[in-house]
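Some notes on the structure that comes next.
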2 protein chains.
Amino acid sequence: MGSSVQEPARGARGRVTLQIIADALGVSTATVSLALRNAPVVAEATRLRVHQAARDLGYTYNRGAAALRTARSDMLAVALSDVALPDHAAILGAVEDTARAAGRTILLGTTAEDLVRQEQVLAMLREFRPDGLLIAPAAGTKAAALYHLVAAGIPVVQVAREVDGLAFDYVGSDETLAACLAVEHLLALGHRRIGMIGGAEGVSSHRDRRRAFCEALQRAGVPVDCGWLLDGYGSRETGIAGMGRLLALKEAPTAVVCVDDLTAIGAMIGLARADLRPGRDLSVVGCGDAPEAVAFEPQLSTVRAHHAAIGRRAAEVLMRRIAEPEAPPERHVIPPELVVRASCARLERIAA
Amino acid sequence: MGSSVQEPARGARGRVTLQIIADALGVSTATVSLALRNAPVVAEATRLRVHQAARDLGYTYNRGAAALRTARSDMLAVALSDVALPDHAAILGAVEDTARAAGRTILLGTTAEDLVRQEQVLAMLREFRPDGLLIAPAAGTKAAALYHLVAAGIPVVQVAREVDGLAFDYVGSDETLAACLAVEHLLALGHRRIGMIGGAEGVSSHRDRRRAFCEALQRAGVPVDCGWLLDGYGSRETGIAGMGRLLALKEAPTAVVCVDDLTAIGAMIGLARADLRPGRDLSVVGCGDAPEAVAFEPQLSTVRAHHAAIGRRAAEVLMRRIAEPEAPPERHVIPPELVVRASCARLERIAA
DNA sequence: CTGAAAGCGCTAACAG
DNA sequence: CTGTTAGCGCTTTCAG
């Protein structure tokens, strides 16, 4: 009962394949394949005929089939905790951009900062045989979880965070510099009682910021009060709670640096709840430069990480690594910059 | 020079395949395939042996190969303008979540709201043979651009925006209700001079909000002043500029609804630049409920769209559509809700 | 410059 | 319950 007339020929699944084009033209699939990829070996005339026929018949290349044959899928897997985190979203956007420009597509997986989910996601992504993996490891990720992948032949580059004891490529912001910029800004404003809110032990970037924060203070000969170091995963809640605790102290700091902008905004909200105002009653500096940073009133002074540059670079490094698996691992640390806005004030102007 | 000893056997590419497992166990690949997928037809004993061997040998399933055979890739393509837009990020996160839970992965493409780039992205995504496509069409997308895809056999569901003249599945927020909620809130506060900032002609959701905005005013018998309807793509800049223009009018509105929260925040910034304050000198209501909405001071009253629900539903609809290509198209319109915060005030309290 | 043939890793009939 | 066989759509020697 099927129609059997002048319909253009089709493959078993009703799709146009190389074979169909080859038949239509009376050439071999090999020739069609070569011609479509513009291999210099085919005659210009046939090349044109093939391209024309492909267009006429409505051919679409099947990368899956090619991948099976060549063991290259042209897919880059990206695993991160949450696309809604402003930092990760910005990085992801840049990664997709540069991957696409290179003819590759992104396979996305999110881990929700959960180790077992991360394990599942990675296992799943692997089954699709991406050419490489870009990952912002979930908090607490152990080296084995990733080593595993390279052992299986899939190159991994870490972005934004790194697992220690792992000599893999890494692209991220210079967290040490970030903390120094923040601290030096506050120091320059005359602050000496400086606290820090936020920082999760399992996240390398947090750890680095925290460490550099302490070191910068020590270098300046300013004592670090442990009661002013409040940890917690970066979030608005962490900031609100942290500021609450700080303000309850008999001797509160006059300035705080926050592990990220979400936390900083939380801290400012916490301040507002105590009827205090950032940039007048207490100085707050963030880290990252999320979109919220300018939206808040007063606008948040922060250390801007160049997410787009990081994402772009990470994609580039991964593609290079795919091309050259044996090259020595690279570390790319992009310097952030201080953005002074309105959330800090000179110590003298602050009511101690 | 290669090692040729007790290394477990490997395929041509040094990978463990069904064949390797089959050989190791002295069974056929068919049995292994069936066993790994827990087909009830295989004996429990062999099922176990196969699973064990697979684990021992370090087997990983090759979905690409399976896809070639079955014509199902287990990939869902997602195309949207920009992952950094808060609405899109939230939707994407939910989509990834529900896709993953169903054993599928996301293939991501971004269009930057550019029609030719969108065309390229769609062409590229197609080559990977995703089982379906979820798209927030770029502004100005014509029906043909998408019709094309379904004709090629890949189911499409539109999310957040829709192209008109296209009887495809659609999942989005109820834009009409959104605009009504915003307008009625302002009306209830006593406002009669109400403007609207933002709205791009090519974006269905914007168009719908705009239209419903006007209708809601007319229904209330409140005249709509065209000079108070300012279009523009949703962004902070649009909001700032729009508010600037409104304030320059001889007779400015006492309240504005903005096409989205980014624009609303822009509008509030514009107000601040004129030394005015939202919720005191003028009422502002947004649309979407972006994270920035609570960060801003005063916090933005807005109409919350349930992005997570929209993303989840969209993924579900797509998967259902894949299973049943011929079912009639569905429209899912998720009702938003008004979130009253601090950016609006009663007319009486506003200096006209 | 073009064709024939083999095979990537998997699944789906169909026999046994 | 298990094995045989035949491909999915492409690329790649290797001959001609």
Side-chain angles (χ1 to χ4, degrees), chain A residues 9-50 53-54 57-75 126-129 131 152-153, chain B residues 9-50 53-54 57-75 126-129 131 152-153:
Chain A
R10 304 248 143 180
R13 285 168 181 160
R15 317 192 133 284
V16 181
T17 67
L18 289 191
Q19 189 62 250
I20 304 300
I21 302 180
D23 290 351
L25 258 42
V27 299
S28 73
T29 60
T31 304
V32 177
S33 174
L34 260 3
L36 286 179
R37 284 175 296 153
N38 298 316
V41 60
V42 320
E44 181 64 6
T46 41
R47 200 180 68 80
L48 261 29
R49 284 173 58 221
V50 168
L57 296 172
Y59 172 73
T60 39
Y61 184 56
N62 185 330
R63 295 208 192 211
L68 183 57
R69 180 62 234 244
T70 60
R72 282 181 87 257
S73 65
D74 287 346
M75 299 191 292
R126 260 178 54 168
E127 298 187 341
F128 287 92
R129 298 280 192 280
D131 292 335
Chain B
R10 304 250 142 177
R13 283 166 182 162
R15 318 190 132 287
V16 180
T17 68
L18 289 191
Q19 189 61 251
I20 304 299
I21 302 181
D23 290 352
L25 256 43
V27 299
S28 74
T29 59
T31 304
V32 177
S33 175
L34 261 2
L36 286 179
R37 282 174 298 153
N38 298 315
V41 60
V42 320
E44 181 64 5
T46 41
R47 201 181 67 79
L48 261 30
R49 284 172 58 221
V50 169
L57 295 172
Y59 172 74
T60 38
Y61 184 56
N62 185 332
R63 296 209 191 209
L68 183 57
R69 182 61 235 243
T70 60
R72 281 181 86 257
S73 66
D74 287 346
M75 298 192 292
R126 261 177 53 167
E127 298 187 340
F128 287 92
R129 298 281 192 278
D131 292 334

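Keep in mind it's a predicted model, so treat the numbers as computed, not measured. Chain naming here is simple, since letters A, B, ... match the order of the sequence lines and numbering starts at 1 in each.
- Here B:A30 lies in heavy-atom contact (under 4.0 Å) with a base.
- Following rounding to the nearest Å, A:E44 (CD) and C:dT2 (C1') show an atom-to-atom distance of 16 Å.
- Counting only residues at least two apart or in different chains, salt bridge (Lys or Arg N to Asp or Glu O under 4.0 Å) contacts with residues 63-74 of chain B comprise A:E127-B:R63, B:R63-B:D74, B:R72-B:D74.
- Here B:V42 lies in heavy-atom contact (under 4.0 Å) with sugar-phosphate atoms only.
- Listed by chain and number, the residues in a side chain to side chain contact (heavy atoms under 4.5 Å, CB included) with A:R37 are A:S33, A:L34 (sequence neighbours excluded).
- Rounded to the nearest 0.5 Å, atoms CZ (B:R47) and OG1 (B:T31) are 14.0 Å apart.
- Applying the salt bridge (Lys or Arg N to Asp or Glu O under 4.0 Å) test to every pair with at least one member in residues 12-24 of chain A, sequence neighbours left out, gives no pairs at all.
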Under 3.5 Å, which protein N or O atoms sit close to an N or O of nucleotides 7-10 of chain C? Give each pair with its distance.
unit_1	atom_1	unit_2	atom_2	d
C:dG7	N2	A:R69	NH1	3.3
C:dC8	O3'	B:R13	NH1	3.1
C:dC8	O2	A:R69	N	3.4
C:dG9	N2	B:A65	O	3.2
C:dC10	OP1	B:Y59	OH	2.4
C:dC10	OP1	B:N62	N	3.4
C:dC10	OP2	B:L18	N	2.6

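- In this structure, CG of A:L48 is placed 14 Å from P of C:dC1, rounded to the nearest angstrom.
- One axis for each end of the helix from C:dC1-D:dG16 to C:dG16-D:dC1, each built from five base pairs, and the angle between them comes to 40° at 10° resolution.
- In this structure, B:L34 atom CG and C:dC14 atom P are separated by 15 Å, rounded to whole Å.
- Taking atom CG on A:N38 and atom P on C:dC1, their separation rounds to 14 Å, with Å as the unit.
- Here CG of B:N62 is found 9.5 Å from OG1 of B:T17. Values are rounded to the nearest 0.5 Å.
- Atom OH of A:Y61 and atom CG of A:L36 lie 9.5 Å apart (nearest 0.5 Å).
- Bracketed by its first and final contacts, the part of DNA chain D lying under 4.0 Å from non-hydrogen atoms of chain B reaches from D:dC1 to D:dG9 in 5' to 3' order.
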